[in-house]
Every structure is written in structure tokens, then in C-alpha cells.
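Right, one structure below, let's go through it.
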Amino acid sequence: MPLPRLRIATQLSLLLTVAVALAVIAVGGLSVWNLRSGFIDYLRARDDAQFTRFVQVLERRAAADPSMAWLRDDREAMRELMDEFTGRPLRTRRPPPPNHPPDREGMPPPPPPPPAAAAGGNLGDRITIRDMQGQRLAGRPQPAGGHRTVRAIKVNGVEVALAELVAEPEPEAMDIRFLQRQYAGLAGAGVGTVIIALLLGWWVAGRWSRPLRELQLATQRIARGEKVQPSAHADSPTSRSGAVEIDQLVSDVHAMALALTALEDARRTWIAQISHELRTPLSVLRGELESIEDGARQPTPAVIRSLGEEVAQLNRLVDDLHTLSMADLGQMACEMVAGDANAALQRIAHKFDARAQQMGLTLIIQRAAQAIAVEWDFGRIEQMLSNLLENSLRYTHAPGHIAVGWTATAQTLQLVVQDSAPGVASAHLPKLFDPLFRVDAARTRTGQHGSGLGLSIVRAIARAHHGYVQADASELGGLVLRVELPLHPQHLDRRTQAS
């Protein structure tokens, strides 16, 4: 039979209440047992102490008459003995009733003794005094069985009688009332504790479940494709549950909502920008072809060359989009081969000398002093460095400078490309590697418009080689881009697969 499904507040409240109730029952039961057994031990210790005092009083009386004849069948003597034991003043003997027949020794029987004094409790009712032959001298007859304590009455070291105390089978009424009060107090404390635990559990469970219900509604809206705005009070002290895990979960879901919103906005921006980038060369192609078809233009070599340039631009854009898509899927193909990074980077950089001079810029190449053995996909590395230099050529104002250099350590190589003014606002630096992102017009040369995919491809190639790229302000007044690559990325791949 499946268990009923309950809300988390109800489950936590019941769980806490049951746990506290079991603890109260266990502790209460142990306390009751310990109280009763300890109280009985206390009563026995009290009886033992009083019985010892009674024996001492009896021995002082027996010192005057060791034969104990003064005590035999004399209830007045027993009562006087108890009066001395309890510390009450001795009473005078009362004369016998006039018409009462004498007993077998000619003495009238005394009236029944009064109740025992409070100081001695019912001790007198449980004491029997016997001679050395076991005959009862004084005290009431006691029922058989039960725990008995026997003490010898000694006079000058000689045993003249025996005093016998029968253990109390049940506590007295006053003792019982004391135990009942203790039991009632324990029961009240237990019930109060369970009620407090129930209320506290309900309050804590409600505090825990409230943010969870809000998260449930938020995730349902996210599943329906709706935008979820994080609550303005999400991090306020009043909205916290008090549980670190729940508060962290709330923060994570809010962060996820922000990330999903940003991704959705980026997706829409991506689609809009891709459409714009594709529409521009297609519109030029369509216009040129319509002009040729209408006879307005002749298919001269210059016109054909212009159409070819637009097709090439369109092809580059499609190739870049495909490269980024493969990188996002983790399927960017890289063929690692051994080679000299120093010679390869120098060769790639020198390809841009002529273009830099034509644009009024000075290209400075700072190569390493010796060969650097690496295992890279040199085709991808050429594409990466070309994109970095294209970015500097496109956005650096003439006259200006572009510096490219690289240094190597035992494990990595750092490639640095920096340029002169204009620079990039610090707020835009983290976004430079986002696809289709463009900075403001201050960082754009007239007639030089890129697709906004070059730096995104640089980051994708760096990641494919287990490296990274970062942007910062340059000392030359423009932008500096630093790429750090391991010399042997394949070794890192093997370690990852082995782990």
C-alpha cells in the first residue's frame, strides 16, 4: 500500500513531533522508573537510619534490666519506648478500666496505642522485639514474607534481644502523593514539550516550504517558456528560510532564471543579427543580378568581380557561423601536429605587413628568440591570429601602431596583440567575445564593418586547444588581447580521458 503524499510542511511537522514524542516517552519512562526506584531506596535508607536510632534507644533501656521483663507484653512500655525514640515527652501510665477483667498475670490490658508520631512515621507498626529464643516481647505480629532487617540488642557486648523491622510493602499516603505530583509534573512537561515541538515544527516547515512553493511556480513558468523575473526581495532577510541549502537553491534558481532570460535575449539577438548579416550581401547580389537582367548594367569583369566578392563575404559568414556552431557542440575538429610555433606565428603575422602599411598603420612583430616546439592545429592557429590582426586593422585609427608578440614558458605560450587608439569601454570588454557583438562607433573605422564573429572564433579555437583569451585596455591606448595556449594540448586530452 503506497504511503499518502503529504506536503513538506506536514511531513516535517509530523516527523519532528513524532521524534520529540518518542524522546519524551523514553526520557519520561526512564525518569519515572528512576524516580520510583530511587524513592524506594530513599525510604529504605530512611528506615535503616531510624531503625538504628531505635535500636540505640532500646539498648539504653535494656541496660537497666537486661532480662527484658519490663517490656514483655507491656504495651505501655512499648509506647514509652516509641515516645523516647520520637523525642516526645513521656506520658504517665493510665489506670486500667474498673470493670475490665484482668489478664492471665492479673494486669488489665492497656488501651490500644495512639497512632505513631509523624517523626517516626509507621515505623512502630513494623517493629517486633523478640527474646533470644524467638518469642515476641513487644510489637505487632507481622505477616510472613517480605524483606526483614534484624538487629541484635546488646548490653555490655552480650546479645539480650532481637529487634526486627519489616520493610514497608508500599509507600505511605504522603509518599504516594509526592510521587503522584512528580509523575503529574513529568507528564505535563512531556505534553507541553510535544505541543511546543508541533508548533515549532509547523512554523519551521512553513518557513521552509514557502520559498519552495515559489520556486515551484517559477519553474513551471520557465517550463512554459515564460520570462521569470527574480523577486526583488529574494535576498532580503525576511524571505530567507533559515536553511542554507534552501536559500542556496533559491539563489541558484534565480540565477538560472536570469541566465535563461539572457540566453533567450541572446538567441533572439543572434537570429536578428544573422538575418541582417545575411541580408546585406544577398541584397547586393540581388540588386546586381536584377540590374544585369534589366540591361541597366553589363556583365563586365568588374561587375562579375564585385559579385564574386559579395559571394565570398557571404561564404565567409556562413563558414564562421558553422565554426561557432561546431564549437558550441564541442565538435570543433582540430588536427594536432608537431611544429615550431615561433616560425608559424612569424609567418602569419608578416602576411599583414602590406595591409597595415596601406592603412597607415605600423605593424610591430616581437618574435621569440628560439624555436618553440608545440603540437597544434596550425590551420586553426592561423585563423585565430588572422582574426586578431583583422580586428586591430579594422578598428585602429591611422596613424597608429599594432604590436604582436609571443613568449613561451615550459608549459604554455602567451600570444599578445595590442593596438593604439581608440580604446574600448571597460563595460564592453567582457562582451567582446560574444557572437555578433560590436562596440560603439568610436572603435570602428569608416567602411570597415565586420560580422562580429572574429573574436568569438578566437575564443572557440583557444578553448579547443585548452587555452583561453582575455581582453584589456592597452598601454598603446587601444585594446590588448592575450591568448594563452598549452604547448601540448593532446597531453591534457589524455589526462582528461584517463581520469
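All values reported here derive from a predicted model rather than from experimental measurement.
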Is there side-chain contact between Leu385 and Val483, with heavy atoms separated by less than 4.5 Å? no
Side chains of Ile381 and Val374: does their closest heavy-atom pair fall under 4.5 Å? no
Less than 4.5 Å apart, side chain to side chain, heavy atoms only: is that true for Asn391 and Leu432? no
With a 3.5 Å distance limit and no angle check, can you tell me whether Arg53 reaches the backbone of Phe85 through a side-chain donor-acceptor pair? yes
For Leu162, does its backbone N or O pair with a side-chain atom of Arg130 as donor and acceptor, under 3.5 Å? no
Which pair of non-hydrogen atoms, one from Gly467 and one from Leu485, has the smallest distance, and what is that distance? CA-CD2, 4.1 Å
Looking at Asp472 and Val480, would you say the former's side chain and the latter's main chain have a donor-acceptor pair under 3.5 Å? no
Ala138 to Met78 - nearest heavy-atom pair and separation: CB-SD, 3.9 Å
Main chain of Ala368, side chain of Asn342: is a donor-acceptor contact present, judged purely on distance under 3.5 Å? yes
Residues Ala197 and Val20: closest non-hydrogen pair is CB-CG2, 3.5 Å
Roughly how far, to the nearest 0.5 Å, is the CD1 atom of Ile153 from the CG atom of Leu58? 4.0 Å
Heavy-atom side-chain contact between Arg126 and Asp47 under 4.5 Å: yes
Assess the residue pair Thr52 and Arg151 against the criterion (side-chain contact (heavy atoms from CB on, under 4.5 Å)); give the C-alpha distance rounded to whole Å, side-chain angles, the decisive distance to 0.1 Å, and a yes or no. CA-CA 8 Å; Thr52 300; Arg151 299 282 179 85; 3.0 Å; yes
Tell me the closest heavy-atom pair linking Ala163 and Val55, and the distance in Å. CB-CG2, 4.3 Å
Kindly compute the distance separating CZ (Arg46) from CG (Asp48), expressed to the nearest 0.5 Å. 12.0 Å
Using every non-hydrogen atom in the two residues, find where Pro489 and His466 come nearest and quote the distance to one decimal. O-CD2, 3.6 Å
Minimum-distance pair of heavy atoms, taken over all atoms of Met336 and Ala464: CE-O, 4.2 Å
Side-chain heavy-atom pair His465, Met384 within 4.5 angstrom cut-off: no
Would you say Asp131's side chain and Gln133's backbone share a donor-acceptor pair under 3.5 angstrom? yes
In terms of relative ring orientation, are Phe51 and Phe54 parallel, tilted or perpendicular, with 30° and 60° separating the classes? parallel
Has the side chain of Asp419 got a donor or acceptor atom that lies under 3.5 Å from a matching backbone atom of Leu479? yes
Arg463 meets the salt bridge (charged side-chain N to carboxylate O under 4.0 Å, His left out) criterion, sequence neighbours left out, with none
Counting C-beta onward and ignoring hydrogens, is there a side-chain heavy-atom pair between Leu260 and Met256 closer than 4.5 Å? yes
Asp434: partners by salt bridge (charged side-chain N to carboxylate O under 4.0 Å, His left out), with sequence neighbours left out: none
Heavy-atom side-chain contact between Leu388 and Val458 under 4.5 Å: yes
Quick one: CD1 on Ile461 to CD on Gln383, what's the gap to the nearest 0.5 Å? 4.0 Å
To the nearest 0.5 Å, how far apart are CZ in Arg136 and OG1 in Thr128? 7.0 Å
From Lys154 atom NZ to Glu59 atom CD, the distance as rounded to the nearest 0.5 Å: 8.0 Å
CZ of Arg148 to CD of Glu164, rounded to nearest 0.5 Å, is 4.5 Å
Between Trp376 and Pro486, is there a donor-acceptor pair closer than 3.5 Å when you use the side chain of the first and the backbone of the second? yes
